[in-house]
Amino acid sequence: MEVTFVNPGIDYMISQIMEFQAEDESAFWSEPLYHFYPQLDKAYAASLPFPKRREYIEHTMRKVYAELGDTINEKAALYSRQWEVCKEQIAAALSDAFCVDCVNLFNDIRCNVSMNPIEPRFLTAKSYDTFYLNSEKGAIGEGIHEIIHFVWFYVWNRLFQDSYDEYERPSLKWILSEMVVESIMKDERLSSINPYFRRENGGCIYPYFFDMKADGKLILDTLDDMYRTQSIEEFMRNSYAYCIEHEAEIREHIRRSER
């Protein structure tokens with residue numbers, strides 16, 4: 001398992017930033033940009049028609065990048081050194097969790113060190129983004145989350161033989177994959193090197209999952225019970241069936257939380 005950390009350049013960063021600034025995007029996804037970059041006037045941006053808003057954001061972020069480019073390059077090198085320290089135990093833990101050889105399976109993962117505070121991942125490209133303000137330990141913690149997705153959907157696809165197109169937001173398969181990360185991350189080999197793992201430190205999944213319930217029980221508790229007592233393939237089948245059964249409650253909770 002190998003991850004290469006790179007500065008992808010400002011054009012890439014702007015394209016990804018704008019993916020979360022669409023007209024109908026929820027504040028959960030769009031507002032972090034304005035929190036981290038006070039150079040952007042949120043009220044002014046909101047007053048602009050979308051083409052002009054894009055121009056305003058792009059112009060501002062290009063000026064920010066002119067000041068941060070060297071820092072981002074330095075962070076990419078820092079994250080790479082930390083990855084070398086941790087990669088063997090990460091690969092071993094995920095090999096055990098998924099019953100596949102992760103050591104030799106994922107040798108071409110790319111991490112884009114970006115100004116975008118939202119950190120998307122791209123399954124078929126085997127790449128993901130990490131925010132440049134992460135510490136080296138934080139970047140590895142965030143990276144474990146994304147790598148879990150790569151392995152999860154590799155095993156999932158072999159089991160269900162469906163399409164990778166079905167694994168992206170807002171599909172139920174995407175939602176499930178986001179919820180199960182915490183159970184997998186509980187392995188001491190993973191949680192011990194993720195400074196965000198503990199919920200009081202932010203958690204390793206979206207916080208709105210923490211209080212999500214179905215049938216009067218926390219959904220994460222139900223999934224965790226399944227994960228601890230079933231094989232990974234049984235868990236995938238049964239957890240997805242459970243999510244289908246409770247899809248209405250899950251989606252309504254997410255809708256309220258993101259708004």
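- Remark: side-chain polar atoms of Tyr79 are not paired, donor with acceptor, to backbone N or O of Thr4 under 3.5 angstrom.
- Using a 3.5 Å distance cut-off with no hydrogens or angles, the side chains of Asn112 and Tyr12 do pair a donor with an acceptor.
- Side chain to side chain, Gln230 and Asn238 meet the donor-acceptor criterion of an N or O pair below 3.5 Å.
- With hydrophobic clusters built from ILVMFWY side chains whose heavy atoms lie under 4.5 angstrom apart, Ile205 shares a cluster with Ile193.
- Looking at Arg62 and Asp11, a side-chain N of the basic residue comes within less than 4.0 Å of a carboxylate O on the acidic one, giving a salt bridge.
- Panel note: side chain Ser192, backbone Glu188; a donor-acceptor pair is recorded below 3.5 Å.
- Two different hydrophobic clusters hold Phe5 and Val85 under the rule that ILVMFWY side chains link at heavy-atom gaps under 4.5 Å.
- Residue Ser171 comes nearest to Glu166 through the heavy atom pair OG-O, 2.7 Å, listed as atom of the first residue, atom of the second, then distance.
- Here the side chain of Asn116 pairs no donor or acceptor atom with the backbone of Met13 at under 3.5 angstrom.
- Relative ring orientation between Tyr208 and Phe28 is described as tilted, the plane-to-plane angle lying within the 30° to 60° band.
- Although no hydrogens or angles enter the test, the distance criterion places no donor-acceptor pair under 3.5 Å between the side chain of Arg189 and the main chain of Gln89.
- More than 12 non-hydrogen atoms from other residues, nucleotides or ligands lie less than 6.0 angstrom from CZ of Arg251.
- No hydrogens or angles considered: a donor-acceptor pair under 3.5 Å links the side chains of Asp211 and His253.
- Put simply, the side chain of Phe209 does not reach to within 4.5 Å of the side chain of Ile219, judged on heavy atoms.
- For the pair Glu252/Arg256, a side-chain contact is recorded, criterion being any heavy-atom separation below 4.5 Å from C-beta on.
- Ionic pairing of Glu136 and Arg81 is not present here: no N-O contact between side-chain nitrogen and carboxylate oxygen is shorter than 4.0 angstrom.
- The aromatic rings of Tyr206 and Trp174 lie tilted to each other, with the angle between the two planes from 30° to 60°.
- The backbone N or O of Met115 sits less than 3.5 Å from a side-chain atom of Tyr37, completing a donor-acceptor pair.
- Salt bridge annotation for Lys173-Glu168: absent, with no cationic side-chain nitrogen under 4.0 angstrom from a carboxylate oxygen.
- Ionic pairing of Glu234 and Arg237 is not present here: no N-O contact between side-chain nitrogen and carboxylate oxygen is shorter than 4.0 angstrom.
- Aromatic ring pairs are classed by plane angle as parallel below 30°, tilted from 30° to 60° and perpendicular above 60°; the pair His149 and Phe153 is parallel.
- Judged by distance alone, the side chain of Gln21 and the main-chain N or O of Ser30 form a donor-acceptor pair under 3.5 Å.
- Taking the charged nitrogens against the carboxylate oxygens, Lys217 and Asp225 do have a contact shorter than 4.0 Å, which makes a salt bridge.
- For the pair Tyr56 (side chain) and Asp41 (backbone), a donor-acceptor distance under 3.5 Å is present.
- Judged by distance alone, with hydrogens and angles left aside, the side-chain atoms of Lys75 form a donor-acceptor pair with the main-chain N or O of Tyr132 at under 3.5 Å.
- For the pair Arg169 and Glu25, the salt-bridge criterion is met [side-chain N within less than 4.0 Å of a carboxylate O].
- Side-chain contact check for Arg199 and Asn201: no donor-acceptor pair (N or O, by modelled atom type) lies under 3.5 Å.
- Here the side chain of His246 pairs no donor or acceptor atom with the backbone of Ala214 at under 3.5 angstrom.
- A distance-only check finds a donor-acceptor pair linking the side chain of Asn134 to the backbone of Phe131 [under 3.5 Å].
- A salt bridge links Glu2 and Lys87; the closest N-O separation between the charged side-chain nitrogens and carboxylate oxygens is under 4.0 Å.
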